[in-house]
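In the text below, chain A, chain B and the rest are named by the order of the sequence lines, each starting its count at 1.
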Amino acid sequence: MDILDSLLMGVTWADVQSWLPGFWNGFIISLEVTAASLALGIPMGFLLALGVQSRRKVLRLASLALVEIGRGAPALVLLQLVYFGLPSAGLSLSAFLAAVVAISWNTGAYTSEIIRAGLDAVPAGQREASHALGLSALDELRFVILPQGLRIAVPALMGFAILVFQGTSLCFAIALPEIVSRAYDIGSMYFYYFPALAVAGLFFAAVCIPASFLVGWIEHRAGAYARR
Amino acid sequence: MAYDLDVARMKALSPSPLGAPSASGSPAPEPSRPVIKLDHLSKSFGTFQALQDINLSVLQGDVLAIIGPSGSGKSTLLRCINWLEPANSGRITVGDLSLDCSKPVGKEQITTLRRQLGMVFQSFNLFPHMTVLRNVSLAQERTLGRSRREADEVSMGLLERVGLADKAHQYPVRCSGGQQQRIAIARALALDPKVMLFDEPTSALDPELGLEVLAVMRELASSGMTMIVVTHEMGFAENVSEHTMIMADGQILEYGPSREVIRNPQTERARRFLRAVNDR
């Protein structure tokens with residue numbers, strides 16, 4: 001108990017309660033960044049997944065570059081690149097916008113691979129049947145490949161969405177007042193680093209643990225049509 | 001054998017092999033002309049010559065069985081006919097459409113070719129995320145431009161014909177392999193093809209389920225459908241198809257009326273293959 005006492009540094013429940021409004025605001029910001037990044041990033045991932053398989057070389061190379069940089073560079077680097085780097089090119093973004101741009105890019109790059117893998121996992125016979133039935137390439141994609149490929153990709157996409165939410169914690173590096181920034185502020189003001197970060201962790205856990213169970217359940221459901 | 005009698009009855013209903021005018025008073029069938037004609041068709045995968053200079057014509061209403069050891073090019077031949085595998089050289093003629101395989105061919109022409117050919121795969125390849133009815137209706141709506149109602153009506157008729165109308169609103173996984181293959185046949189028929197291509201339609205099925213698929217195919221043959229069937233079912237080849245072709249090493253070893261080819265093969269290679277089949 002001594003260790004716990006020294007970690008908690010005599011923080012009282014009243015202290016924690018006084019932090020909660022701040023944490024709550026930070027939590028909302030984290031959720032907003034997550035939602036915006038997924039809403040932009042997943043469609044981008046879908047386009048990139050098609051782009052890297054395009055027959056047009058320019059499109060293929062451009063997609064490949066976006067994917068490889070987005071996956072190759074750490075999210076923290078992308079964030080700082082957009083927030084601190086772009087102003088020198090004349091483009092200043094708010095911390096929130098910079099966060100959304102960087103994390104969307106990251107999301108697009110990773111989900112493109114998840115979606116591509118999902119589309120590739122559709123058995124070759126499905127394409128052959130579509131060809132034999134004279135379906136156009138677009139119809140084949142729309143009616144045969146996408147419904148099956150996306151169903152395969154959904155659990156992995158949702159798993160990635162949880163990672164994106166956790167990834168928003170990196171935004172403290174560009175002074176976006178999300179959850180971890182709040183904890184950091186409290187820490188630097190009162191030296192209550194451990195208790196403040198622990199509360200921040202609880203906020204993440206409160207979302208991520210139920211979400212993981214949800215993903216597991218959906219994974220089970222998604223395969224239902226393939227089971228007797 | 002009851003089986004033989006049944007087939008004999010079916011054969012009596014079917015148009016004569018060469019399309020010669022029948023004795024009955026029915027309107028004279030059009031003079032026999034090939035529905036499918038292949039000239040000097042060749043296909044190689046890298047250095048492997050899968051098909052060598054194949055020449056073949058199939059007449060209206062003819063049922064052709066293609067047999068032969070695996071790797072002999074039977075399936076490749078079928079897949080070349082509907083352009084799932086583009087052949088390297090030669091000419092494919094289906095109805096009025098004639099394509100030179102050595103030249104680049106446009107997408108529209110390939111689609112036109114495929115719309116005249118119904119394909120049934122060894123592994124059925126039904127769309128697992130659609131009901132049986134949607135499986136049969138989809139291509140009718142998308143490639144023939146039928147309305148949903150029209151397409152569904154046609155589909156129900158075809159499902160009735162293959163004996164599976166009660167499965168229309170089920171998903172394919174709920175159906176046995178034999179049922180799935182019969183649905184696949186209905187799906188191919190839905191586009192009113194000139195010719196049906198079957199790629200080992202019963203090879204993935206146990207013997208009993210295979211029988212129900214063969215029964216549907218026999219009914220189809222007796223209705224006058226032109227069919228090319230890659231198969232290991234010697235009974236079907238001998239009793240249902242007018243002609244049988246034996247392939248080996250990408251070439252046609254034997255071709256002729258089924259009974260002659262199967263009972264009295266001319267080449268040693270064909271005899272060896274048929275002995276292996278019969279010893280089973």
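For B/N88 and B/S42, the side-chain atoms include no donor-acceptor pair closer than 3.5 Å. B/T93 and B/S98 share a side-chain donor-acceptor pair at under 3.5 Å. Using modelled atom types and a 3.5 Å distance limit, the side chains of B/E233 and B/T202 yield a donor-acceptor pair. One side chain, A/S181 or A/E178, offers a donor N or O that lies under 3.5 Å from an acceptor on the other.
Residues A/V52 and A/S112 form no side-chain contact, since every pair of their non-hydrogen atoms from C-beta on lies 4.5 Å or further apart.
Only the backbone of B/L117 has a heavy atom closer than 4.5 Å to any heavy atom of chain A. For B/F121, the part lying near chain A is the side chain, with the backbone staying farther off; criterion is any non-hydrogen pair under 4.5 Å. Residue B/R134 does not touch chain A at all, counting heavy-atom pairs closer than 4.5 Å. For a residue to count as touching a neighbouring chain, one of its non-hydrogen atoms must lie under 4.5 Å from one of that chain's; by this rule B/L144 does not touch chain A. Contact annotation for B/R142: both backbone and side-chain heavy atoms come within less than 4.5 Å of a heavy atom of chain A. Both the backbone and the side chain of A/S130 come within contact range of chain B, with heavy atoms under 4.5 Å apart.
The most heavy-atom pairs under 4.5 Å with chain A, out of B/N82, B/L197, B/L84, B/T111, come from B/L84.
Under 4.0 Å is where a charged nitrogen must lie from a carboxylate oxygen, and between B/R146 and B/E153 no such pair does.
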